[in-house]
Amino acid sequence: MDLFDSRVGELEKLITQYQSSYYNGEAEISDAEFDKLWDELKSLDPSNPILHKVGADSGNFQKASHVMPMGSQEKAANPEQFLAWAEKHLYDEYLVEYKLDGASLELQYRHGELVRAVTRGDGSVGDVITDNAKKMKGVIPYLYDKDNNPIDFTGGIRGEVIMAHEVHKKYFSNKANCRNAANGLMKRKDGSGSEYLELITYDVWATEGSQPFVDEEDKILWLKECGFSPVNLELCRTAQSVIDYRARVMEERKTLPFDIDGLVIKERRVNHEDALRARPDRQIAFKFSLEEAVSVVRAVEWNESGSTYTPVAVFDPVELNGTVVQRASLANPNTIRTLGLSIGSHVVVVKRGEIIPKVESVLHDVSLEEKLSPVNVPCVCETCKTKLIDEGTRLYCPNKSCEKKVLHQLLKWVSVLDIRDLGDTLVRELFSSGKVKSISDFYFLTEETLTPFFLNEESLSQEKKSLGAQKVYSSIQSHKTISLSQFVAGFDIEGIGETVVEKLVDAGYKTLDSLFSATEEEIAGVYGFALIMAKTLKSGLEENRVEMQKLIDDGIIKIKQASAEGKLSGLSFCFTGELHSLKRNDAASLVKENGGTVKSSVVKDLSYLVTNDTSSGSSKNVKALSLGIPVINEEEFLRLVHEA
C-alpha cells in the first residue's frame with residue numbers, strides 16, 4: 001500500500017470514528033479539527049463514499065424514516081471559498097440563518113398533533129425519541145395559531161436541539177461542551193434531563209395539502225406563528241454583505257445564549273428538489289473557523305526594516321489555530337487606508353495555513369465612530385531625520401546614506417550569500433567602527449583588520465594570530481563567485497529576493513547589463529511581476545548601480561551562469577524537513593548549478609519533493625501525492641545530481 005492509499009484509509013477510519021462519537025453525544029474532537037480531516041479526504045479522494053454518509057445512532061431506540069432527508073451541507077471555511085460558491089449561485093438576495101451547534105431533530109405531525117420525534121441518524125432513518133422530545137422547551141405537542149385555532153398540518157418540522165450556556169454551566173459542566181451534553185441527554189432511555197434542552201426550528205415540509213408558506217422567509221414566520229422558536233434570519237443583498245454579516249456574528253456570538261458554528265445561506269425560493277439531495281447544492285454552510293477571530297485594534301506600530309517602515313496592528317489577544325495572537329502585519333499605508341482602519345476598529349484577523357496573521361477586514365459600525373482615532377503615519381526617518389516618502393504601497397526613507405539602511409543592506413548581503421562565519425554582531429561592529437560602510441568593503445578586509453575584533457588587548461600586544469579572523473576572512477573570500485539572483489537579492493531591494501530574480505533569469509535576463517537595460521514595462525511583462533514590483537526593482541538597480549558595477553568591473557565578484565543544459569535542466573525541486581549531508585541552501589545551490597530550479601512550495605508543475613521523511617503525513621507530502629509528484633529522499637536526490 002502506498003502513502004496515498006495509507007493516508008486515505010487512515011482518514012476514513014478517523015472520520016468514521018469521530019462521526020460515531022459525535023452523533024452519540026461524546027464528540028472526541030472539535031468541529032474545526034473534524035473539518036480539517038474531512039477537507040483533506042475530500043482533496044485526496046473526492047468520490048470517497050465516507051464523504052456522502054452522515055452518521056449512525058446508538059441502536060437503543062425504535063427507528064423511523066424522515067419526512068425531510070437530513071443530508072450534509074456543502075460548506076465554506078473562509079470568505080474565499082464562500083465567494084467561489086456564490087459566483088455559481090447568483091441570487092437576488094441571500095437568506096442567512098445561524099448554523100446551530102446542536103443535534104438535529106425532526107418533529108413529525110399528523111393533523112397538527114405530534115406523533116413522532118426522530119433524530120438525524122444516517123440522514124434517512126433515525127431514532128424515535130418522542131417521549132424525550134416532549135419534555136424539551138420549544139417542542140409543541142399540538143399546533144395552534146395565534147387565535148388558538150387548531151392548525152391542520154401533516155408533515156415534518158426540523159430543528160436543532162441545543163443546551164443553553166447557563167444550563168451547561170449550572171448543571172452539566174462535567175461535559176466538554178453544550179452539544180455533547182445535549183446529545184447525551186436527548187438519547188437517555190429514561191428521558192431524564194431532556195427538560196434542560198431546547199429546540200430551535202428552521203425547516204418545514206407538508207406531506208399533505210399545500211405548503212403553509214410561500215418562500216424561505218415565510219417559512220420562518222409560519223414557525224413563529226405556530227409558537228416555535230425559529231432560527232434567527234438575516235437578509236443580505238450581496239455575497240459581500242454575507243461576509244460582512246458573518247464577521248459581525250463572529251464578534252456577537254460570544255454573547256448568544258447558545259452555540260453556533262457558522263451560518264447557513266439559502267435562496268429565497270424554496271427548492272425542495274435540491275433539499276432531497278444527499279448534499280444540497282443551492283445552500284451552503286459558511287462556517288466559523290479556528291483560523292479567524294474578531295478583535296479590537298489598540299495601536300499601530302511601525303517596524304523599520306532597512307529603509308522601509310511597515311505598519312503592524314496591535315489588538316486584543318485572540319486564539320487562532322491554537323496560538324494566542326495579538327499582532328498582525330498591515331503591509332503598507334495603503335492597506336490601512338483601503339481597510340478604513342482606525343485605532344479602536346473592530347477587525348477580522350485571520351491565520352490560514354499556519355501563515356503570519358493578517359487583518360482581513362474592518363467591521364464598520366456608526367455607533368463606534370466617536371471612539372475611534374486615526375492611525376498616525378510617520379513622516380520623518382528616526383535615524384537620519386530625512387522626510388519619508390509615502391508611495392501608498394511603501395513608506396520609506398529615500399536617503400541612500402541613511403546608516404540604518406546601509407547596515408540593513410550589509411546584513412542582507414551576508415544572509416543571502418550565507419557567509420556563515422560573518423555573524424550579525426560582527427557585521428554591526430565592523431559597521432560601527434567604520435571598517436565596512438559598503439558591500440565592497442567586505443572584500444578588502446584582511447586577517448589583520450579582523451583580528452582586533454576577536455582578540456583582547458593583551459593578546460594583540462603579544463601579536464597572537466586569531467583563528468576567528470582567519471575563518472571569517474576565508475569565508476568572505478570563498479563567496480566571490482555567486483549567481484545573478486544572489487547578487488541582486490543581496491542588495492536588499494524592497495521585495496526583491498532570489499526567487500523573484502530567478503523568474504527574470506528564466507525570462508531571459510541572464511546578465512546584470514540586461515537588467516540595467518530592461519524597461520519597467522518589459523520587466524512588468526515577466527510572469528510574477530507587475531508594474532509596482534518592476535518600478536521598485538528598476539529604482540533599486542539605479543540606486544545601487546555604481547557599487548554593483550564596481551564589484552563586477554573590478555573583478556571582486558564574478559557572476560556564475562546557471563547551466564541551461566545541466567543534468568537537472570527542466571527539473572524543479574522543493575525541499576522540506578532536515579537534510580543530513582548538506583544544508584538546504586547548499587542543496588538549492590546544487591540544483592541551480594545543474595540547470596534546475598528550486599520552488600518554496602508544492603505546486604502543480606513541481607518535478608520532485610525532497611524529504612528524508614517520505615512516509616510523513618505532512619501537508620507537503622500529502623499535496624505532492626495528490627498531484628502525482630514523486631517524493632524522494634536525500635540519497636535519491638544526490639543520486640540524481642551526480643548521475644552521469
Side-chain angles (χ1 to χ4, degrees), residues 305-308 400 405-422 427 430-431 436-445 472 474-520 522-523 526 528-529 533-564 566 583-600:
S305 177
S307 63
T308 302
K400 184 180 184 298
K405 182 176 182 180
V406 174
L407 176 59
H408 196 272
Q409 185 181 66
L410 296 175
L411 292 168
K412 183 63 176 281
W413 180 266
V414 172
S415 172
V416 171
L417 271 62
D418 197 23
I419 308 177
R420 294 170 194 165
D421 296 304
L422 188 53
V427 172
L430 289 166
F431 177 73
V436 176
K437 288 293 186 181
S438 69
I439 290 171
S440 301
D441 289 343
F442 281 128
Y443 297 91
F444 291 100
L445 292 171
V472 170
S474 176
S475 187
I476 292 172
Q477 295 303 312
S478 68
H479 287 81
K480 297 178 72 172
T481 300
I482 61 179
S483 67
L484 180 61
S485 59
Q486 286 178 304
F487 183 81
V488 176
F491 272 85
D492 196 24
I493 301 171
E494 178 73 17
I496 308 298
E498 286 186 76
T499 304
V500 170
V501 183
E502 284 169 5
K503 292 177 181 177
L504 292 168
V505 173
D506 292 341
Y509 297 96
K510 299 182 182 298
T511 66
L512 186 60
D513 285 340
S514 66
L515 289 177
F516 282 140
S517 301
T519 65
E520 287 183 16
E522 288 170 337
I523 292 175
V526 174
F529 277 76
M533 187 181 287
K535 180 180 179 182
T536 301
L537 174 63
K538 287 298 293 181
S539 175
L541 288 172
E542 286 304 315
E543 182 178 294
N544 293 283
R545 184 166 187 157
V546 172
E547 186 170 13
M548 285 180 163
Q549 208 74 63
K550 174 181 172 61
L551 286 167
I552 301 300
D553 294 346
D554 291 354
I556 299 171
I557 294 294
K558 181 181 178 182
I559 303 293
K560 61 185 176 184
Q561 300 296 319
S563 172
K583 292 185 178 291
R584 278 165 63 171
N585 282 347
D586 295 333
S589 296
L590 271 177
V591 171
K592 295 169 187 176
E593 288 168 9
N594 287 276
T597 56
V598 177
K599 297 183 181 294
S600 59

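By convention here, the first residue in the shown sequence is residue 1.
The structure places CG of L430 at 6.0 Å from CG of L445, a figure rounded to the nearest 0.5 Å.
Side-chain atoms of K412 do not come within 3.5 Å of backbone N or O of G490 as any donor-acceptor pair. Here the side chain of S517 pairs a donor or acceptor atom with the backbone of D513 at under 3.5 angstrom.
Residues S514 and T511 bring a donor and an acceptor atom of their side chains to less than 3.5 Å of each other.
Shown are D418, L417, L422; of these, the side chain to side chain contact (heavy atoms under 4.5 Å, CB included) with R420 is made only by D418.
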Quick one, D441 with K437, criterion salt bridge (Lys or Arg N to Asp or Glu O under 4.0 Å). Give me CA distance, side-chain angles, the key distance, then yes/no. CA-CA 7 Å; D441 289 343; K437 288 293 186 181; over 6 Å; no
Stepwise side-chain contact (heavy atoms from CB on, under 4.5 Å) test for L484 and Y509: CA-CA 10 Å; L484 180 61; Y509 297 96; 5.9 Å; no
Evaluate salt bridge (Lys or Arg N to Asp or Glu O under 4.0 Å) for D506 paired with K599, printing each intermediate quantity in order. CA-CA 13 Å; D506 292 341; K599 297 183 181 294; over 6 Å; no
What do the steps show when you test F529 against V500 for side-chain contact (heavy atoms from CB on, under 4.5 Å), and what is the final call? CA-CA 8 Å; F529 277 76; V500 170; 3.2 Å; yes
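The two atoms that bring I493 and T536 nearest to each other are CG2-O, 3.6 Å, heavy atoms only.
Proximity of I559 to I552: side-chain heavy atoms (C-beta onward) are separated by under 4.5 Å at one or more points.
Note on E547 versus K400: no salt bridge recorded, every NZ/NE/NH1/NH2 to OD/OE distance being 4.0 Å or above.
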